[in-house]
Amino acid sequence: MSREQIYNFAAGPSVLPESALRQAQRELLDYRGSGMSVMEMSHRSPVFQEIFDGAREKLRRALSVPESHEILFLQGGATLQFAAIPMNLLAGGAADYAVTGHFARRAAAEAEKYGAVRLAYDGAPTGFDRIPAQDELKLSPDARYFYYCANNTVYGTEWQYVPEAPAPLVCDMSSDILSRPVEVSKYGLIYAGAQKNMAPAGLTVVILDRALAGRALPYTPELLRYDVMIEHGSMLNTPPCWCVYMLSLVLDWLEAQGGVGAMADLRRERAGLLYALLDESSFYTAHARPGSRSEMNVTFRTPSPELDALFVKEAAAKGLLNLKGHKAVGGLRASLYNAMPLEGARALADFMKDFEVKHRV
Ligand code: PMP
């Protein structure tokens, strides 16, 4: 199948804007008259430094990041931040974690190595099918930070409000960053792996209130220390050069689309098509409860695991790819990141209706 014949619903790495890929293709062998590919350049060269600074500035603009907050381009995926965050911010104290899904649970387990982790909420008893209300959060007065995951990629739930806590907010936005406006000043730290809404895998973005840097545990590796990375402009060692370049191209595309405001409208419309269908159907069941539903990852199932498997197979034959749910939930999952056009969601909704008619008993 060719690119024109498919829609890619993968949870990440996932679809990127075609204009960014085409620009990269045009510049692959010779970046703007430098005679070199971005892949071949010294990260210390002025031409690369310009790409790097440009990407940082574009991201600052896209999310209206205030001057109080530093933007870091790091490596190790979102997963390495599960450790870096407590090593830098917990340092033997206590922190509150809202465990609303797979990755928040892993982050909490990792943090336990570096201090006291208190469960502000645990979604496991209801199969992680919802987000807690503000008054359900158990917050401790002495917490160094309150940790949550804005969008639960695996379970398809998403926070629809910014929680309030006495401690700085620390948020994993891996699967919904740049999909809606964010008031960055409310956060101590926001982080995200790039491979959904930003760039290819290999880059992790951390947006950090500078006031929180400089409290790392003494044995924290240099590469994981926020203060050191701030001091070195994210270039203590070789950064993920190609990924940062791709981020810059994706941010050009984002700006041309109308920025995060336009992305928020689009995500509502895309996901709305699928949730309307799920709510009307007696064949499909949505995993997430209304009020907690993600507009990035729509999780659902048919009446049986066998039909789920058949759905994945028949959808793929029609060019609707990567719809299998995560093994922790089973069923089906449609990931609808920024670069997924509305037509992709329409094509999936049409397929779902046909599949239901064909297999309803
Ligand atoms: N957090 C969230 C919300 C995720 O979706 C993922 C990956 N899908 C991770 C963390 C882990 O990211 P990485 O693979 O970049 O370590």
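Both counts, for ligands and for their atoms, begin at 1 and track the order of listing.
Taking the six-membered ring wherever Trp is involved, the centroid distance between the rings of Y121 and Y148 does not fall below 6.0 Å.
Sorted by first and then second residue, the pairs that involve residues 123-133 and meet salt bridge (Lys or Arg N to Asp or Glu O under 4.0 Å), not counting sequence neighbours, are D129-R289, R130-E136.
Checked against side chain to side chain donor-acceptor pair (under 3.5 Å), K327 has no partners two or more places apart in sequence or in another chain. Under the side-chain contact (heavy atoms from CB on, under 4.5 Å) criterion, L342 pairs with L266, E269, R270, L273, R346, sequence neighbours left out.
Every protein residue with a heavy atom nearer than 4.0 Å to ligand 1 is included here: G77, A78, T79, F82, F103, C149, N151, T153, D172, S174, S175, Q195, K196.
Side-chain contact, Y226 with E70: no donor N or O sits under 3.5 Å from an acceptor N or O.
A salt bridge is absent between E50 and R32; no separation between the charged side-chain nitrogens and carboxylate oxygens falls under 4.0 Å.
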